[in-house]
Each structure stands twice: as structure tokens, then as C-alpha cells.
Amino acid sequence: SGMNIPRFRHVVFAAALIPSVALPVMAQASTHHCERVFAVTHLELTTGSADVAPAGPSIGDTHSFRGPVYRPGTLHVTGSIAGVGTTAAIDDPVPGRETRAVQLVFALPNLASQITVGGFAVYPMTSSTLARNSVTLRPITGGTGRFTGARGYLHTSHFARGYFRQEFHLVRACQQ
């Protein structure tokens with residue numbers, strides 16, 4: 001019937017690879033996850049900003065900060081937050097806002113046990129901090145010490161009165 005033998009062999013070879021690729025993906029899809037949630041709070045922090053050319057909001061501007069974090073509802077210091085945000089887009093996603101690539105490090109209680117957070121967040125173009133009355137979700141990218149291998153997301157609330165609640169949602173595979 002005019003079948004091309006080399007092409008046929010190629011198809012058989014490719015089909016033989018599919019089960020070895022598909023099975024691990026299907027097994028992973030059935031894995032259950034356990035979540036551990038905890039939070040810290042902090043005030044608005046003094047920010048050091050670097051305005052790269054051109055003057056005013058532009059791609060490459062940076063905003064850096066560091067300060068204490070507290071056990072929620074108390075003034076008991078439980079560690080620190082440090083971070084840097086670099087402007088990646090201006091007037092995006094809407095006019096007057098900018099998207100920043102953010103790297104946060106939480107030392108809980110010290111540098112031996114860190115949680116790192118990355119991703120993008122939307123900021124007012126004229127502010128070094130997130131807008132008040134906003135919620136931001138960013139990925140947890142890793143950790144050290146008691147947070148080694150940390151994965152999940154950070155739920156950041158910036159309240160009208162000016163303080164932040166940083167709620168960690170740590171996710172890990174577990175048996176169920």
C-alpha cells in the first residue's frame with residue numbers, strides 16, 4: 001500500500017517512549033499534598049530606592065528593604081524580612097501601576113532558617129511598597145534549616161492601617 005518503512009519504524013520508536021514518559025506524570029497527579037499555614041506581621045518598612053535612567057518610574061528601578069517580623073497580634077519579634085523589587089514593566093497591568101520582580105527572604109528566627117519567595121507583584125508606580133488594601137500571592141521558592149525544600153505560596157495582605165500579614169502556605173507531599 002506504499003507504506004514508508006523508515007517512517008513506520010520512527011513512529012513505533014516514538015510510541016514506545018510514551019508510556020515511560022506518561023506514567024510518572026499520572027503517578028504525580030494522584031499525589032496528595034499536606035499544607036502547613038502560619039503567619040508573621042510587620043509594619044511598612046523604610047525602603048532604599050535606586051532610580052535608573054530615565055528619571056522617574058522605569059524598567060530597572062529597584063526598591064530594597066529589611067525589618068523585623070512579629071508573631072501576629074503581638075510585638076514579639078520572630079525574625080526578619082528583607083527584599084528587593086526590580087521594576088520589570090511600567091503602566092502594566094494598568095496605567096499608574098508597575099510590575100516588579102521580587103525576591104524576599106524571611107529569616108525565621110535567623111539566617112539558619114530562611115524561606116525565600118520570588119515572583120512578580122503589582123505596585124503603585126509612585127510607591128516603594130504594595131498598595132494598601134491589597135492581597136498579593138507569590139511562590140515560595142525554597143528554604144534552609146527547618147524550611148529546607150520549602151514549596152508553596154505566600155499570601156501577603158497590606159491593610160489600610162499600614163501593616164502587613166505574611167501568610168505562608170507550605171505544601172509537601174504526604175501519604176493519605
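By convention here, the first residue in the shown sequence is residue 1.
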Under 3.5 Å donor-acceptor, Thr74 side chain and His76 backbone:
yes
Report the distance from atom OG1 of Thr47 to atom CZ of Arg66, rounding to the nearest 0.5 Å.
13.5 Å
Under a single-linkage rule joining Ile, Leu, Val, Met, Phe, Trp and Tyr whose side-chain heavy atoms are separated by less than 4.5 Å, which residues share a cluster with Val117?
Phe38, Val40, Leu45, Phe65, Val69, Ile81, Val102, Leu104, Phe106, Leu108, Ile115, Tyr123, Leu130, Ile140, Phe147, Leu154, Phe164, Phe168, Leu170
Is the closest side-chain donor-acceptor distance between Ser128 and Ser49 under 3.5 Å?
no
Ile90/Met125 under side-chain contact (heavy atoms from CB on, under 4.5 Å): CA gap, chis, key distance, verdict
CA-CA 7 Å; Ile90 57 170; Met125 282 179 22; 4.2 Å; yes
For Arg165, does its backbone N or O pair with a side-chain atom of Thr41 as donor and acceptor, under 3.5 Å?
no
Are the charged groups of Arg132 and Glu44 less than 4.0 angstrom apart, N to O?
yes
Value rounded to 0.5 Å, distance of OG in Ser64 from CD in Gln103
11.5 Å
Do His155 and Gln166 pair up side chain to side chain, a donor and an acceptor below 3.5 Å, judged on atom types alone?
no
Which heavy atom of Gly96 sits nearest a heavy atom of Asp91, and at what distance?
N-OD1, 2.9 Å
Say you draw a straight line from OG1 of Thr116 to CZ of Arg138; how long is it, rounded to the nearest 0.5 Å?
12.5 Å
According to a hydrophobic-cluster definition based on side-chain heavy atoms being under 4.5 Å apart (Ile, Leu, Val, Met, Phe, Trp, Tyr only), do Leu43 and Phe159 belong together?
yes
Measuring from atom OG of Ser157 to atom CG of Asn133, what distance do you get when rounded to the nearest 0.5 angstrom?
10.0 Å
Reported CD-to-CZ distance for the pair Gln114 and Arg146, which is rounded to 0.5 angstrom
12.0 Å
Is there a side-chain contact (heavy atoms from CB on, under 4.5 Å) between Arg172 and Arg151 once you walk through the steps?
CA-CA 7 Å; Arg172 62 179 175 80; Arg151 289 289 180 264; over 6 Å; no
Taking Ser113 for its side chain and Gly145 for its backbone only, find out whether a donor-acceptor pair lies under 3.5 Å.
no
Verdict with reasoning, Thr86 to Thr62, per side chain to side chain donor-acceptor pair (under 3.5 Å)
CA-CA 4 Å; Thr86 304; Thr62 61; 5.8 Å; no
Without swapping roles, check the side chain of Thr87 against the backbone of Arg100 for a donor-acceptor pair under 3.5 Å.
no
For Pro109, is there any backbone N or O sitting under 3.5 Å from a side-chain donor or acceptor partner on Thr78?
no
Donor-acceptor check, side chain of Asp61 to backbone of Val52, threshold 3.5 angstrom: yes or no?
yes
So, the side chain of Ser127 versus the backbone of Pro124: is there a donor-acceptor pair under 3.5 Å, distance only?
no
Considering non-hydrogen atoms only, spot the tightest contact between Ala101 and Ala88 and give its length.
N-CB, 4.5 Å
So which atom in Thr141 and which in Gly118 form the shortest heavy-atom distance, rounded to 0.1 Å?
CG2-N, 3.7 Å
